[in-house]
Structure formats: C-alpha cells, structure tokens
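In each ligand, atom 1 is the first atom listed, and ligand 1 is the first ligand listed. Everything numeric in this text was worked out from a predicted model, so none of it was measured.
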Amino acid sequence: MKNLKIAIQKSGRLNEKSVQLLKNCGLDFENYKSSLITTVNNFNLEILFLRDDDIPGYVAQGIADLGIVGENVIDESQEKVTYLERLGFGRCTLKIGIPKDSDIQQLQDLQGKAIATTYPNILQEFLAEHNLSAEIQQISGSVEIAPGLGLSDAICDIVSTGGTLKSNGLKPFADVRRSEAILIGREGLTENPILCELLQRVRSVLRAKETKYVVLNVEKSNLPQITSLLPGVKSPTVVPLAEEGWVAVHTVIPEDDFWDKINKLKAAGAQGIVVMPIEKIIL
Ligand code: ATP
Ligand code: MG
C-alpha cells in the first residue's frame with residue numbers, strides 16, 4: 001500500500017509535541033533535525049518537516065496527506081482541509097493588544113484605527129463580525145513594537161502569558177480566537193485504511209492522557225459505596241486481598257475531576273490509593 005505523508009513543524013513550539021505524539025502511537029522513526037523527510041520503519045508513513053505556515057497549503061494541494069498545525073495557521077491560510085482531531089497541545093489565544101495608556105475602551109473604538117498583525121485574514125474576519133473597519137498593517141514579526149514606533153494604535157497577535165505585551169507597554173484588550181494544534185487531512189482521505197489505523201492510535205493516546213489508572217484498597221463492606229463513585233471504562237476490577245474482608249479495586253479516573261473523586265473515595269473508606277499514568281486506551 002502507498003505510504004501516506006504527514007507534515008509536521010520542523011522546529012518551533014509544535015515540533016516536540018508532534019514528534020512525541022507520533023512516537024506514542026508506536027511509530028518508530030529517526031527524528032533527524034537536518035533531513036526534511038523521514039520514513040517510519042514500522043508503519044506506512046513518511047514524515048515531512050516543514051515551516052508551520054506551509055503545512056495547510058501542502059495538505060490542501062495533496063502534497064502531504066496529513067498535517068499537524070495550529071488552528072490559527074489553518075484559519076489564516078484559508079486553505080480547504082479536513083479537521084481530523086483536536087490534539088490538546090499548542091494552546092494559545094490570538095488577542096488584540098493596546099498601549100497601556102490607550103483611549104480605546106470598547107470594541108467600537110477600534111473603528112478606523114491602525115492594527116498591526118501577522119494574521120490579517122483572521123483579523124479582517126473578526127472586524128467584519130463586529131461591523132468594524134480598521135486599517136490592517138500586515139507585518140511578519142515583532143508585532144508588539146509597532147504601537148511604540150507609531151506604526152499602529154493596536155496589535156493583533158498570539159498571547160499566552162501576556163509577558164511580551166507587558167514588556168512592550170501593551171495590555172490585552174480583546175480575544176479574537178483560541179487555538180490548539182489540529183491533525184488535518186486532505187479532502188477525500190477519510191476512507192484510507194492507513195489513516196483509520198493512525199487515527200485509532202492517535203485517539204487511544206489522547207484518551208489515555210486524559211485519564212489515570214487507580215488502584216485502591218477497601219473493606220468489603222464499603223465496596224458498594226466505592227463502586228458507585230467509579231464509572232470506569234466498564235466496571236471496576238475487584239480483586240481479593242490476602243487480608244480477610246478486604247479487596248483491591250482497579251479502575252480508570254478522568255483527569256478533570258481527579259482530586260474531587262479521590263477525596264470522595266477516601267471519605268468512602270478507600271486506603272493505599274496508587275495512581276499510575278496510562279499509555280493507551282483502545283476501545
Ligand atoms: P515556523 O518556523 O514553523 O514558521 P513559527 O515561528 O511561525 O514557526 P512558533 O512560534 O513555533 O511558530 O509557533 C507555532 C504555533 O504554536 C503557533 O502558530 C501557535 O499555534 C502555537 N502556539 C502556542 N503557544 C504559543 C505562543 N505562546 N506564542 C506563539 N505560538 C504559540
Ligand atoms: Mg510560522
């Protein structure tokens with residue numbers, strides 16, 4: 001069967017986590033920093049290492065079948081690609097920032113103002129949604145210094161902690177859109193068996209990341225109370241302990257309400273709670 005090609009970022013914020021995700025899917029490959037293409041030894045896949053801005057275009061044109069890239073970059077590119085899975089890393093927000101002493105107070109105050117950005121298409125869409133028109137100054141980097149230099153009244157850029165804004169005398173003003181890394185595919189690919197296998201692996205890795213494996217000991221008389229707290233993948237596994245009247249309960253707990261669950265389990269008589277990471281969950 002013909003190999004599929006997946007494009008990932010060559011270096012930058014998404015590179016490491018993209019490589020790690022593919023490795024966690026059981027793919028064996030050399031992550032040569034110097035080569036732009038590598039073949040996976042145990043799966044019908046080749047990996048292309050590209051600038052992130054080029055990934056949506058490569059996928060839309062079918063040069064790569066798949067790609068891992070930030071939603072912000074997909075939207076800005078305006079390329080037609082299929083979203084296959086949200087990957088939960090590379091989270092950030094595209095925001096409008098204004099000088100600390102700016103007289104801009106509400107969105108309407110942006111009307112007619114100059115806004116510097118590397119995301120002109122997303123910004124234009126945002127302005128149109130709010131019936132605003134502004135002068136979009138497209139620049140290719142170091143956006144935060146634009147207001148200080150008198151190029152613009154505001155900026156639109158990716159913000160995670162706000163540190164860069166602050167050190168340039170700016171403050172966040174409005175959220176334009178949130179973003180995370182997405183697995184994308186070219187149109188018409190969805191029936192491909194290699195993709196189906198890869199997607200199953202990706203999903204099992206993502207599911208595992210959101211859950212923990214928990215083993216706890218409990219007196220048999222408290223077991224009904226404990227099991228009522230545990231939905232588990234099916235139902236919990238209950239194993240007798242050497243000590244008469246005690247059992248060990250094995251189960252899987254979602255990360256998001258983890259501490260709340262653990263406290264309830266303790267209150268219901270759970271002891272010796274051991275928590276372990278899960279590598280994969282295959283349904
Ligand atoms: P390339 O050389 O591949 O063009 P880049 O410099 O354009 O890389 P990076 O800074 O490596 O891009 O960011 C890649 C992606 O990571 C962004 O497009 C965005 O989706 C995501 N990201 C997550 N957090 C941040 C952040 N704090 N700042 C910038 N990007 C972030
Ligand atoms: Mg880039």
Do you see a donor-acceptor pair shorter than 3.5 Å between the side chains of Glu76 and Asn121? yes

For Asp65, is there an ion pair with Lys5 - N to carboxylate O distance below 4.0 angstrom? no

Glu255-Thr211 side chain donor-acceptor pair, cut-off 3.5 Å: no

Among the N, O or S atoms that Asp52 has, which is closest to the Mg ion (ligand 2)? OD1

Which protein residues have a heavy atom under 4.0 Å from ligand 1? Gln9, Ser11, Gly12, Arg13, Leu14, Arg51, Asp52, Asp53, Gly70, Asn72, Val73, Gly90, Arg91, Cys92, Ile158, Ser160

Does the pair Asn41 and Asp28 meet the rule for a side-chain hydrogen bond (donor to acceptor under 3.5 Å, both in side chains), with working shown? CA-CA 6 Å; Asn41 299 320; Asp28 172 35; 3.2 Å; yes

With carbon and hydrogen excluded and only N/O/S kept, which atom of Asp53 is nearest the Mg ion (ligand 2)? OD1

Kindly check if the number of other-residue, nucleotide or ligand heavy atoms within 6.0 Å of NZ (Lys17) is above 12? no

I'd like to know if the side chain of Gln9 reaches the main chain of Leu14, judged simply by a donor and an acceptor atom lying under 3.5 Å from each other, with no hydrogens or angles considered. yes

Has Arg186 got a side-chain atom pairing as donor or acceptor with Gly62's backbone, closer than 3.5 angstrom? no

